[in-house]
Amino acid sequence: MAQRIDVKDLNIYYGDFRAVGDVEMSVEPRSVTAFIGPSGCGKSTFLRTLNRMHEVIPGARVEGRVEIDGVDLYAPDVDPVAVRRQVGMVFQRPNPFPTMSIAENVLAGVRLNNRRMSKGDAQDLVEESLRGANLWNEVKDRLDRPGSGLSGGQQQRLCIARAIAVKPQVLLMDEPCSALDPISTLAIEDLIAELKTDYTIVIVTHNMQQAARVSDRTAFFNLAGQGQPGQLVEIDDTSVIFSAPREQATEDYISGRFG
Ligand SMILES: Nc1ncnc2c1ncn2[C@@H]1O[C@H](COP(=O)(O)OP(=O)(O)OP(=O)(O)O)[C@@H](O)[C@H]1O
Ligand SMILES: [Mg+2]
């Protein structure tokens with residue numbers, strides 16, 4: 001399984017408003033790419049086009065191509081539900097289903113996808129996914145208790161377990177640590193470093209140190225002006241973006257001169 005992403009000439013709209021313009025980008029398999037840039041430049045919007053979550057908003061649409069291993073996600077014969085199974089997503093606020101147990105939360109995505117499985121297989125998948133999310137040891141004695149009883153950082157790892165239980169190829173994370181304390185943040189960052197061996201990961205973050213710590217590549221997005229579409233200013237190895245970016249706007253942003 002490769003899991004390479006190629007974005008070609010992508011324009012993203014909300015009705016008549018072009019929110020993001022002319023993005024070209026490639027993401028290598030089994031790497032971590034960080035999206036950084038000021039609020040409103042379209043990081044979340046762009047991220048959601050990578051698993052066809054954007055179009056669930058009425059009037060929202062894209063022009064251009066998003067290819068995973070050469071297959072255009074927006075081709076007419078592609079099923080968006082299959083795309084979302086292939087490209088998982090973790091949101092800013094941990095959002096476990098509050099009335100479901102920890103185990104049922106892990107299985108929620110799998111059940112949505114209608115996969116029938118035996119009780120033993122389900123138990124194995126719960127353990128495997130929770131181990132993958134570095135949460136197993138903390139919850140293995142209370143799998144039947146509500147997911148809402150966990151700490152914020154544990155809930156976020158539960159959401160990651162839920163995302164990886166469906167065995168996606170790509171994992172999208174939109175500011176996954178912004179609601180977390182520093183210890184939980186480090187736990188998620190460690191986890192991202194481990195998950196990279198199996199998944200292609202794209203993470204939006206406002207935290208420069210986090211981008212520098214977890215990512216191989218960093219993409220800087222910016223707005224040319226009020227009402228203008230957000231654009232990709234540059235993407236490069238993270239070490240380059242944070243030491244010798246090509247564009248002045250990137251330098252200004254990472255050194256805190258604006259944004
Ligand atoms: N559902 C929506 N309907 C219409 N416009 C939207 C919608 N969601 C976002 N936008 C607009 O699209 C642009 C990009 O927003 P987006 O949320 O992608 O930015 P962002 O870079 O993720 O910002 P932040 O760092 O604050 O999360 C903004 O102008 C925003 O107002
Ligand atoms: Mg956002």
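In this text, all values refer to a predicted model and were calculated from it rather than measured experimentally. Read the numbers this way: they start at 1 and go in the same order the structure lists the ligands and their atoms.
- Of all protein heavy atoms, the one closest to atom 18 (O) of ligand 1 is T45 OG1, 2.5 Å.
- Heavy-atom separations between G230 and ligand 1 are all 4.0 Å or longer.
- Protein heavy atom nearest atom 10 (N) of ligand 1, with residue, atom name and distance: Y14 CE1, 3.3 Å.
- Note: F46 and F35 have parallel aromatic rings, judged against thresholds of 30 and 60 degrees for the angle between ring planes.
- Ligand 1 has an N or O atom lying under 3.5 Å from an N or O atom of G42, backbone or side chain.
- Here the protein heavy atom with the shortest distance to atom 26 (O) of ligand 1 is S39 OG, 2.5 Å.
- Each of the following atoms of ligand 1 lies closer than 4.0 Å to a heavy atom of A19: 12 (O).
- Rounding to the nearest 0.5 Å gives a distance of 10.0 Å between CD of E138 and CD1 of I102.
- For F46, the heavy-atom gap to ligand 1 stays at 4.0 angstrom or more.
- Under a 4.0 Å criterion applied to the non-hydrogen atoms of H206, ligand 1 contributes the atoms 24 (P), 25 (O).
- Expressed to the nearest 0.5 Å, how far CG of L191 lies from CG of L195 amounts to 4.0 Å.
- With contacts defined as side-chain heavy-atom distances shorter than 4.5 Å, the pair R217/V27 does not qualify.
- The neighbour count for R93 CZ, taken as heavy atoms of other residues, nucleotides or ligands under 6.0 Å away, does not exceed 12.
- The ligand atoms of ligand 1 that sit less than 4.0 angstrom from a heavy atom of E175 are 27 (O).
- Put simply, atom 31 (O) of ligand 1 has no protein non-hydrogen atoms near it, under 4.0 Å away.
- H206 places a side-chain heavy atom less than 4.5 Å from the side chain of K43.
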Next item on the list: Decide side-chain contact (heavy atoms from CB on, under 4.5 Å) for V32 and E189; before the verdict, give the C-alpha distance in whole Å, the side-chain angles of both, and the deciding distance to 0.1 Å.
Entry: CA-CA 11 Å; V32 180; E189 289 182 5; over 6 Å; no
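- A side chain to side chain contact (heavy atoms under 4.5 Å, CB included) with L150 holds for exactly one of R157, R142, R145; it is R142.
- One of the N, O or S atoms belonging to S44 lies under 2.8 Å away from the Mg ion (ligand 2).
- Checking only distances, G40 does come within under 3.5 Å of ligand 1, N or O to N or O.
- Less than 4.0 angstrom separates atom 4 (C) of ligand 1 from at least one non-hydrogen atom of the protein.
- Side chains of C177 and Q156 form no contact here, defined as non-hydrogen atoms less than 4.5 Å apart.
- Of the candidates S44, G227, G59, G37, the one placing a heavy atom closest to atom 22 (O) of ligand 1 is S44.
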